[in-house]
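Throughout, numbering of the chain's residues begins at 1 and tracks the sequence. All heavy atoms count here, side chains included; hydrogens, waters and symmetry mates do not.
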Amino acid sequence: MSNQGGPRRVAVLPESTGAWLDGVHEGTGTVRASVDVAEGLLWSSGSAAGLREVLSGSPSLRWVHLPVAGIDGFTEVLDTDRQWTCAKGANAEPVAEHALALILALYRRLPDFARGGSWQARAGRSLRGARVVVLGAGAVARALVDLLRPFHPHCVVLSLSPRALEGATWSHVGDLETELTRADVLVLAAAATSANERIIDAKRLDLLPREAVLVNVGRGTLLDHDALRRALLAGSIAGAALDVTDPEPLPDDDPLFAHPGCVVTCHSATVGESGAELLRDRARANLVRFVQQRPLLGVIDPRRGY
């Protein structure tokens with residue numbers, strides 16, 4: 001990536017959703033330019049609509065940045081003609097914070113107390129010594145393991161490739177079913193791909209101990225929600241907390257909203273100005289790296305789809 005000839009030219013599209021990126025290029029060594037002459041593109045929308053047409057008319061584009069962590073809505077437009085990045089990991093800390101809150105809510109029986117309407121018998125469990133199994137070994141998993149450390153659980157992180165995570169044991173995702181039989185807490189924090197769609201299905205939910213709880217802060221498609229409804233009704237797991245669902249949003253009459261053992265937080269792990277600021281910080285950091293010819297953050301492998 002040569003930087004000869006002045007500032008690097010970067011476009012921001014679609015313009016209708018690009019206000020949150022106004023001024024992000026200032027001081028980075030880049031200038032905003034029309035996409036037909038731009039070397040980089042900051043895509044400002046969480047939807048891929050229109051992106052394919054932009055790419056086909058922009059032969060000079062060498063880099064595209066997507067403003068989302070989960071890119072399952074963009075896999076059809078990914079190519080190997082340019083480098084792709086996204087916001088994966090940018091929101092890791094607030095998502096991990098949310099996951100911890102959901103784990104504690106289930107373990108301390110907070111939904112029961114909140115819905116009780118009167119003085120309740122003492123209930124709840126401690127995380128000390130609990131076996132927390134995390135599916136996915138990305139930035140959210142690392143941040144969650146760090147947050148869990150003061151509670152002294154035993155953390156197991158599952159992924160396809162070996163990862164060194166301080167405070168956790170790594171295991172290959174092929175060991176998932178063995179780990180499910182020993183889990184006290186199962187946290188879904190993986191990217192969504194065609195290979196792991198509904199990876200937690202009825203068969204695998206049945207492997208969880210009756211006292212286990214499930215938390216999903218990854219993607220809704222990782223979980224078979226019909227199987228989860230049946231498991232909760234049968235009491236074969238102790239509870240579930242879902243920040244992401246499939247479909248999303250859930251219909252208002254979905255029984256998961258009413259089940260006393262389930263908490264649905266409506267994709268709110270990252271909300272408000274802080275979430276938007278983290279996405280903006282990631283875009284700005286990559287603009288600087290693009291100019292300095294340094295490795296970009298949140299690099300996407302188009303062949304793997306994440």
Side-chain angles (χ1 to χ4, degrees), residues 46 48 66 68-78 84-92 95-96 98-99 102-103 131-145 155-163 165 168-183 185-208 212-231 237 240-248 250 256 264-265 267 269-270 298-306:
L66 304 176
V68 292
I71 63 163
D72 35 304
F74 288 86
T75 53
E76 295 300 318
V77 299
L78 297 179
W84 293 79
T85 59
C86 68
K88 60 182 176 181
N91 288 326
V95 173
H98 197 80
L102 295 178
I103 293 169
R131 191 174 185 88
V132 179
V133 176
V134 184
L135 180 61
V140 171
R142 293 193 296 272
L144 178 58
V145 168
C155 296
V156 179
V157 173
L158 298 166
S159 66
L160 285 170
S161 304
R163 300 288 178 91
L165 280 84
T169 302
W170 175 81
S171 187
H172 191 274
V173 73
D175 298 326
L176 173 61
E177 294 189 355
T178 298
E179 289 298 338
L180 290 177
T181 65
R182 301 187 289 177
V185 179
L186 172 62
V187 180
L188 307 184
T193 68
S194 58
N196 63 21
E197 184 172 349
R198 290 173 176 76
I199 190 171
I200 304 300
D201 55 12
K203 174 187 173 184
R204 286 174 169 156
L205 282 171
D206 285 344
L207 294 175
L208 288 167
V213 298
L214 179 151
V215 170
N216 190 3
V217 292
R219 304 301 280 181
T221 54
L222 297 171
L223 176 64
D224 183 332
H225 286 68
D226 287 334
L228 176 64
R229 294 180 187 96
R230 293 192 296 269
I237 63 172
L242 312 174
D243 189 56
V244 289
T245 60
D246 182 31
E248 193 171 294
L250 285 178
L256 289 173
V264 181
T265 57
H267 212 142
T270 55
V299 173
I300 298 167
D301 183 339
R303 296 178 179 84
R304 291 188 173 185
Y306 61 90

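Within the 4.5 Å cutoff, the side chain of Leu186 has no heavy atoms near those of the Ile237 side chain. Side-chain contact between Ile300 and Leu66: present, with at least one pair of heavy atoms (C-beta onward) separated by less than 4.5 Å. Side-chain contact between Leu205 and Leu214 is present, with at least one heavy-atom pair separated by less than 4.5 Å. The shortest distance between side-chain heavy atoms of Leu256 and Thr245 does not fall below 4.5 Å. In this structure the side chain of Leu222 never reaches within 4.5 angstrom of the side chain of Arg198, judged on heavy atoms. Using a 4.5 Å cut-off on side-chain heavy atoms (C-beta onward), Leu144 and Val217 make no contact. A heavy-atom distance below 4.5 Å is not found between the side chains of Thr193 and Arg304.
Applying the salt bridge (Lys or Arg N to Asp or Glu O under 4.0 Å) rule to Arg204 yields the partners Glu177; only residues at least two apart in sequence or on another chain are considered. Partners of Glu248 by side chain to side chain donor-acceptor pair (under 3.5 Å), not counting sequence neighbours, listed by chain and number: His267. With sequence neighbours excluded, the residues satisfying salt bridge (Lys or Arg N to Asp or Glu O under 4.0 Å) with Arg229 are Asp226, Asp254. Listed by chain and number, the residues in a side chain to side chain donor-acceptor pair (under 3.5 Å) with Asn91 amount to none (sequence neighbours excluded). Residues forming a side chain to side chain donor-acceptor pair (under 3.5 Å) with Thr221 (at least two apart in sequence, or on another chain): none. Contacts of Ala241 classified as side chain to side chain contact (heavy atoms under 4.5 Å, CB included), with partners at least two apart in sequence or in another chain: Leu102, Leu106, Val215, Val263.
Taking all atoms of both residues into account, the shortest heavy-atom contact from Gly218 to Asn216 is N-OD1, 2.9 Å. Among all heavy-atom pairs drawn from Tyr306 and Lys88, the shortest one is C-NZ, 3.4 Å. Minimum interatomic distance between Asp224 and Asp201 (heavy atoms only, all atoms of both residues): CB-CA, 3.9 Å. Minimum heavy-atom separation, Glu179 to Ser171: OE2-OG, 4.2 Å. Between Asn196 and Ala191 the shortest heavy-atom distance is ND2-O, 2.7 Å. A pairwise comparison of heavy atoms in Val157 and Gly136 identifies CG1-O, 3.4 Å as the closest pair.
Remark: side-chain polar atoms of Arg163 are paired, donor with acceptor, to backbone N or O of Ala137 under 3.5 angstrom. Under the 3.5 Å distance criterion, the side-chain polar atoms of Asp243 are matched with a main-chain donor or acceptor of Ala269.
Around the CZ atom of Arg182, the shell of radius 6.0 Å holds more than 12 heavy atoms that belong to other residues, nucleotides or ligands.
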Next item on the list: For the pair Val145 and Val132, evaluate side-chain contact (heavy atoms from CB on, under 4.5 Å) and give the outcome as yes or no after the intermediate values.
Entry: CA-CA 9 Å; Val145 168; Val132 179; over 6 Å; no
